[in-house]
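Here's the structure, in structure tokens; my notes come after.
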Amino acid sequence: MKIQNLSKTYNGKTVLDQFSVEFPSAGTVCLFGPSGCGKTTLLNCIAGLESFDAGAIEGAGDMKISYLFQENRLLPWVSAHENVAAVLHGSAKNNAEQAEKWLALVGLEGAGSKRPSELSGGMRRRVALARSLAYGGSLYLMDEPFQGLDAQCRDEMIALFQKQAADALKIIVTHDFQEAQMMADVIYILDGPPVKIMDKIEKNPA
Ligand SMILES: Nc1ncnc2c1ncn2[C@@H]1O[C@H](COP(=O)(O)OP(=O)(O)O)[C@@H](O)[C@H]1O
Ligand SMILES: [Mg+2]
């Protein structure tokens with residue numbers, strides 16, 4: 001996927017100014033940068049949820065995108081189980097089995113019947129993580145995916161995504177450098193707004 005000269009201004013505030021970057025078709029890319037630099041805006045543009053003023057994004061249109069938003073965005077009026085099943089398109093029985101499976105994989109077996117308001121913050125984040133894996137895709141956009149999780153749980157979730165979404169491109173936004181180092185094949189150090197690439201760190205440079 002290729003982002004070329006992307007520009008976007010919100011009411012006079014330029015968040016993207018001819019921003020360009022090219023991503024591989026698989027692997028883990030971390031976008032590391034301070035709050036407010038434009039990371040979420042960039043993900044929203046890639047997802048097609050936000051318009052931009054100029055430039056182009058090539059290659060994202062043919063990818064199935066699973067977007068884990070910065071906020072959990074769970075449906076408050078249904079159970080954790082139904083939140084996961086809601087993104088599935090099989091038979092009711094199959095969706096229920098799949099939802100059960102993903103909830104168990106994020107360590108929430110037994111909590112599926114609870115509504116979001118009955119779960120802790122970390123558990124709600126894990127429901128959102130389970131839903132994103134259940135939906136699946138060739139491109140995962142993950143905005144501060146492990147916020148609110150303790151270190152052990154975060155490590156388990158990192159291992160789970162690396163395994164279950166191994167063939168996908170994972171673009172992960174974080175302001176935790178240790179997290180970026182644990183996961184990434186490539187880390188882009190960003191600053192802004194407007195967002196710019198200050199450095200690029202490759203784990204296994206060719
Ligand atoms: N819908 C919006 N309207 C106006 N300004 C916005 C909007 N969304 C984001 N911004 C501004 O754009 C900048 C980048 O925001 P964002 O992409 O959310 O940054 P990050 O995710 O890196 O914290 C911030 O200064 C923010 O205030
Ligand atoms: Mg953000």
Side-chain angles (χ1 to χ4, degrees), residues 1-23 27-61 63 65-76 116 121-133 135 137 139-151 153-154 157-158 161 165 168-201:
M1 193 218 314
K2 201 168 171 179
I3 296 176
Q4 280 179 302
N5 299 319
L6 212 63
S7 295
K8 180 174 180 69
T9 298
Y10 287 116
N11 329 312
K13 180 168 191 169
T14 301
V15 180
L16 299 168
D17 183 17
Q18 305 223 345
F19 182 81
S20 298
V21 67
E22 191 167 349
F23 297 123
T28 305
V29 175
C30 279
L31 306 179
F32 169 80
S35 192
C37 78
K39 305 180 298 297
T40 297
T41 302
L42 195 56
L43 292 189
N44 285 338
C45 288
I46 294 170
L49 297 177
E50 196 106 68
S51 62
F52 38 91
D53 307 323
I57 300 175
E58 286 172 19
M63 300 174 98
I65 299 177
S66 183
Y67 193 169
L68 177 79
F69 295 100
Q70 187 168 342
E71 318 79 33
N72 293 321
R73 301 199 188 184
L74 300 177
L75 302 173
M123 289 164 99
R124 285 197 286 270
R125 194 57 174 164
R126 281 187 277 157
V127 176
L129 287 160
R131 181 179 60 182
S132 127
L133 279 169
Y135 185 68
L139 173 58
Y140 283 78
L141 301 176
M142 305 177 72
D143 203 345
E144 301 183 22
F146 311 118
Q147 50 177 309
L149 303 183
D150 62 45
C153 181
R154 179 196 64 189
M157 294 301 110
I158 289 175
F161 270 82
L169 170 60
K170 297 163 286 293
I171 301 178
I172 297 180
V173 161
T174 181
H175 47 226
D176 180 338
F177 193 68
Q178 194 197 357
E179 191 173 291
Q181 280 180 311
M182 284 171 69
M183 309 190 66
D185 303 311
V186 190
I187 304 172
Y188 286 97
I189 314 269
L190 305 179
D191 203 6
V195 67
K196 50 191 162 292
I197 297 172
M198 309 305 285
D199 201 0
K200 178 184 180 185
I201 302 169

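Both counts, for ligands and for their atoms, begin at 1 and track the order of listing.
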Q.
Please check whether T40 reaches ligand 1 - meaning an N/O of the residue sits under 3.5 Å from an N/O of the ligand, judged on distance alone.
A. yes
**Q.** ligand 1 N/O within reach of G38 N/O, cut-off under 3.5 Å
**A.** yes
Q.
For a side-chain contact (heavy atoms from CB on, under 4.5 Å) check, start with the C-alpha distance between Y10 and T41, then their side-chain angles and the critical distance, and finish with the verdict.
A. CA-CA 10 Å; Y10 287 116; T41 302; 3.5 Å; yes
Q: Kindly confirm or rule out an N or O of E50 lying under 3.5 angstrom from an N or O of ligand 1.
A: no
Q: For the Mg ion (ligand 2), decide whether T40 has an N, O or S atom at a distance under 2.8 Å.
A: yes
Q: Could you please spell out the steps behind the side-chain contact (heavy atoms from CB on, under 4.5 Å) verdict for I172 and F161?
A: CA-CA 11 Å; I172 297 180; F161 270 82; over 6 Å; no
Q) So which protein heavy atom does atom 13 (C) of ligand 1 come closest to, and at what separation? A) G36 O, 3.5 Å
(Q) Please determine whether side-chain contact (heavy atoms from CB on, under 4.5 Å) holds for the pair L133 and Y140, giving the CA-CA distance in whole Å, both sets of side-chain angles, and the decisive distance to 0.1 Å. (A) CA-CA 9 Å; L133 279 169; Y140 283 78; 3.9 Å; yes
Q) Could you give the distance from CG (D143) to OG1 (T40), rounded to the nearest 0.5 Å? A) 3.5 Å
Q) Between CG of L139 and CD1 of I65, what distance do you get to the nearest 0.5 Å? A) 5.0 Å
Q: Taking only heavy atoms of P34 into account, list the atoms of ligand 1 that are under 4.0 Å away from them.
A: 22 (O)
Q. What atoms of ligand 1 come within less than 4.0 Å of a heavy atom belonging to S35?
A. 23 (O)
**Q.** Closest protein heavy atom to atom 3 (N) of ligand 1, given as residue, atom name and distance to 0.1 Å
**A.** Y10 CD2, 3.4 Å
Q: Could you tell me whether the side chain of K8 reaches within less than 4.5 Å of the side chain of S51, counting heavy atoms only?
A: yes
Q: Test V21 against L42 for side-chain contact (heavy atoms from CB on, under 4.5 Å), laying out the working first.
A: CA-CA 11 Å; V21 67; L42 195 56; 5.7 Å; no
Q) Can you tell me if Q70 has an N, O or S atom under 2.8 Å away from the Mg ion (ligand 2)? A) yes
Q.
Give the atom numbers and elements of ligand 1 that come within less than 4.0 Å of a heavy atom of V15.
A. 12 (O), 13 (C), 14 (C)
Q.
Considering both backbone and side-chain atoms of K39, is one of its nitrogen or oxygen atoms within less than 3.5 Å of a nitrogen or oxygen in ligand 1?
A. yes
Q. Which heavy atom of the protein is the closest neighbour of atom 16 (P) of ligand 1, given with residue, atom name and distance?
A. T41 OG1, 3.7 Å
Q. Can you find a pair of side-chain heavy atoms, one from F146 and one from M183, that are under 4.5 Å apart?
A. yes
**Q.** Residue that, paired with N72, satisfies side chain to side chain donor-acceptor pair (under 3.5 Å) out of R125, R131, R126
**A.** R125
Q | Nearest neighbour in protein (non-hydrogen) for atom 27 (O) of ligand 1 | A | K13 NZ, 4.0 Å
